[in-house]
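Before any comments, here is the structure.
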Amino acid sequence: MGAYILFVLLPIYWLLNMSFQSNNEILGGLTLWPQDFTFEHYAKIFTDSSWYMGYINSIAYVVMNMLISISVALPAAYAFSRYKFIGDKHLFFWLLTNMMAPPAVFLLPYFQLYYTVGLFDTHVAVALAHCLFNIPLAVWILEGFMSSVPKEIDETAFVDGYSFPRFFVKIFIPMISSGIGVTLFFLFMFSWVELLLASTLTSTGAQPIGSVMTQTKGASGIDWGALAAAGTLTILPGIMVVYFVRNHIAKGFALGRT
């Protein structure tokens with residue numbers, strides 16, 4: 001386990017180490033600690049709009065996608081877990097098949113559609129494109145959590161005079177809060193790291209940080225220090241999400257479909 005942890009953390013440490021080195025030192029040789037310690041790369045990211053807007057754009061469409069996906073997936077998962085209807089299993093399987101295709105399959109139709117209707121290079125375009133993969137994932141995870149809640153709770157609440165919206169918001173959702181936490185974690189992870197759709201459906205106004213990082217080559221070569229600093233900052237949102245939903249994730253992995 002110790003060897004595995006070292007294997008996983010070594011690239012992260014090396015990325016952090018490079019972010020505090022000058023480009024000359026990075027290209028000069030192998031050093032375990034910055035000899036010429038500098039914050040110039042981080043200063044460049046926080047002062048250059050072409051860099052920091054990449055983070056703002058990424059966070060904007062990721063949050064939008066999470067809100068849309070969870071709003072659609074909650075009632076859909078409830079329907080799959082509580083009701084039996086014609087073709088329910090086939091529909092559920094069809095939702096999962098959307099996750100089996102690579103994003104490149106949907107790239108051309110999405111590009112042409114969004115360009116035609118005027119959504120190209122907007123946060124909404126990327127958020128909606130990611131819904132194709134995130135909504136089935138959210139429905140699949142939440143359905144497992146909801147199925148573990150006895151149906152008698154629903155019936156008791158309705159007998160006590162609860163309307164469905166009131167029951168769903170005040171009683172049912174708190175009971176599956178761990179499942180929602182796990183779902184939001186996976187929604188964030190897919191939307192945050194996905195690059196193909198995000199970079200193709202945007203150009204300048206909503207360009208994500210991953211796309212910006214691929215354009216660091218200039219007349220003097222690749223700016224390795226800025227690239228390392230950007231990579232380090234890209235990891236931080238994921239760490240923050242894991243920290244805030246860590247308790248829900250631990251319970252969710254133990255209780256739910258995951």
Answer yes if L195 and I209 sit in the same cluster of Ile, Leu, Val, Met, Phe, Trp and Tyr residues linked by side chain heavy atoms under 4.5 Å apart, and no otherwise.
no
Between S58 and Y55 (side chain of the first, backbone of the second, donor and acceptor by atom type, cut-off under 3.5 Å), is there such a pair?
no
Consider only side-chain heavy atoms of I, L, V, M, F, W and Y, link residues closer than 4.5 Å, and tell whether L32 and L10 are in one cluster.
no
Measuring from atom CZ of F186 to atom CG of L137, what distance do you get when rounded to the nearest 0.5 angstrom?
7.0 Å
Check: L233 and Y42 side chains under 4.5 Å, non-hydrogen atoms
yes
Do I153 and F172 come within less than 4.5 Å of each other through their side chains, counting heavy atoms only?
no
If you draw a 6.0 Å radius around CG in L6, do more than 12 non-hydrogen atoms from other residues or ligands fall strictly inside?
yes
Single-linkage hydrophobic cluster L16~L236, side-chain heavy atoms < 4.5 angstrom
yes
Do the non-hydrogen side-chain atoms of P208 and N57 ever get within less than 4.5 Å of each other?
no
Locate the shortest heavy-atom distance separating Q35 from E25; write the atom from each residue and the value.
N-OE2, 2.6 Å
Side chains of S50 and D48, donor plus acceptor under 3.5 Å
yes
Side-chain donor-acceptor pair present, T202, D121, cut-off under 3.5 Å:
no
Check whether any side-chain heavy atom of H130 lies under 4.5 Å from a side-chain heavy atom of W192, and answer yes or no.
no
Find out if a path of hydrophobic residues (ILVMFWY) with successive side-chain heavy-atom gaps under 4.5 Å connects I56 to F46.
no
Can you establish whether the number of heavy atoms outside W94 located under 6.0 Å from its atom CH2 is more than 12?
no
Count the heavy atoms belonging to other residues, nucleotides or ligands that lie under 6.0 Å from CD of Q112, then report whether that count exceeds 12.
no
Can you check whether M66's main-chain N or O pairs, donor with acceptor, with S69's side chain at less than 3.5 Å?
no
Work out which heavy atom in A129 is nearest to a heavy atom in L201; give both atom names and the distance.
CB-CD1, 3.7 Å
Looking at Y162 versus F168, is the centre-to-centre ring distance below 6.0 Å?
no
Counting only heavy atoms not in F164, do more than 12 sit closer than 6.0 Å to its CZ atom?
yes
Testing the basics here: between V212 and G54, what is the closest heavy-atom pair and its distance to 0.1 Å?
CG2-CA, 4.3 Å
Rounded at 0.5 Å granularity, tell me how far CG in L95 sits from CD1 in I135.
9.0 Å
Do Y110 and L132 make a side-chain contact, defined as non-hydrogen atoms from C-beta onward lying under 4.5 Å apart?
yes
Backbone N or O of A198 within a donor-acceptor pair of the E194 side chain at under 3.5 Å?
yes
Could you list the donor-acceptor pairs under 3.5 angstrom formed by side chains in residues 77-85, with sequence neighbours left out?
residue, atom, partner, partner atom, Å
Y78, OH, D154, OD2, 2.5
S81, OG, A77, O, 3.2
S81, OG, Y78, O, 3.0
R82, NE, D154, OD2, 3.1
R82, NH1, M146, O, 3.0
R82, NH1, V149, O, 3.4
R82, NH2, V149, O, 2.9
R82, NH2, D154, OD1, 3.3

Let me see the working for V72 and C131 under side chain to side chain contact (heavy atoms under 4.5 Å, CB included), right down to the final yes or no.
CA-CA 10 Å; V72 174; C131 284; over 6 Å; no
May I ask whether L91 and V139 are part of the same hydrophobic cluster, defined by side-chain heavy atoms of I, L, V, M, F, W, Y residues being less than 4.5 angstrom apart, directly or through others?
yes
Side chain to side chain contact (heavy atoms under 4.5 Å, CB included) between F158 and S163, worked out
CA-CA 7 Å; F158 297 147; S163 63; over 6 Å; no
Taken to the nearest 0.5 Å, the spacing of I141 CD1 from I176 CD1 works out to 12.0 Å
May I ask you to check whether S199 and Q207 show a side-chain donor-acceptor distance below 3.5 Å?
no
Please answer whether the main-chain N or O of A125 pairs with a side-chain N or O of T122 as donor and acceptor at a distance below 3.5 Å.
yes
Should I70 and T183 count as side-chain neighbours, where that means a heavy-atom distance under 4.5 Å?
yes
Determine whether F37 and F20 satisfy the following criterion, ring pair (Phe, Tyr, Trp, His ring centres under 6.0 Å), listing intermediate values before the conclusion.
CA-CA 5 Å; F37 201 91; F20 293 112; 4.8 Å; yes
Kindly compute the distance separating CD1 (I45) from CE (M213), expressed to the nearest 0.5 Å.
8.0 Å
Might you point out which heavy atoms bring T234 and P237 nearest each other, and give the distance in Å?
O-CD, 3.3 Å
What distance separates F188 CZ from I59 CD1, expressed to the nearest 0.5 Å?
7.5 Å
Evaluate the side chain to side chain contact (heavy atoms under 4.5 Å, CB included) criterion for residues Q21 and D36: first the C-alpha distance (whole Å), next the side-chain angles of each, then the deciding distance (0.1 Å), finally the verdict.
CA-CA 6 Å; Q21 296 177 350; D36 183 18; over 6 Å; no
Tell me whether S147 contacts the main-chain N or O of G144 through its side chain, where contact means a donor paired with an acceptor under 3.5 Å.
no
Are F133 and F106 close enough that their ring centres sit under 6.0 Å apart?
yes
Could you go step by step and tell me if T232 and M18 meet the side chain to side chain contact (heavy atoms under 4.5 Å, CB included) rule?
CA-CA 10 Å; T232 302; M18 290 175 59; over 6 Å; no
Using only atom types and a distance under 3.5 Å, with no angle test, would you say the side chain of T200 pairs donor to acceptor with the backbone of L197?
no
Beyond-backbone contact of E143 with F92, side-chain heavy atoms, under 4.5 angstrom:
yes
Minimum heavy-atom distance H41-A229, with the two atoms named
CB-CB, 3.8 Å
Report the distance from atom CG of L128 to atom NE2 of H123, rounding to the nearest 0.5 Å.
13.0 Å
Does any part of the side chain of L74, heavy atoms only, come nearer than 4.5 Å to the side chain of I180, both counted from C-beta?
yes
For A127 and Y61 the tightest heavy-atom approach is CB-O, 3.7 Å
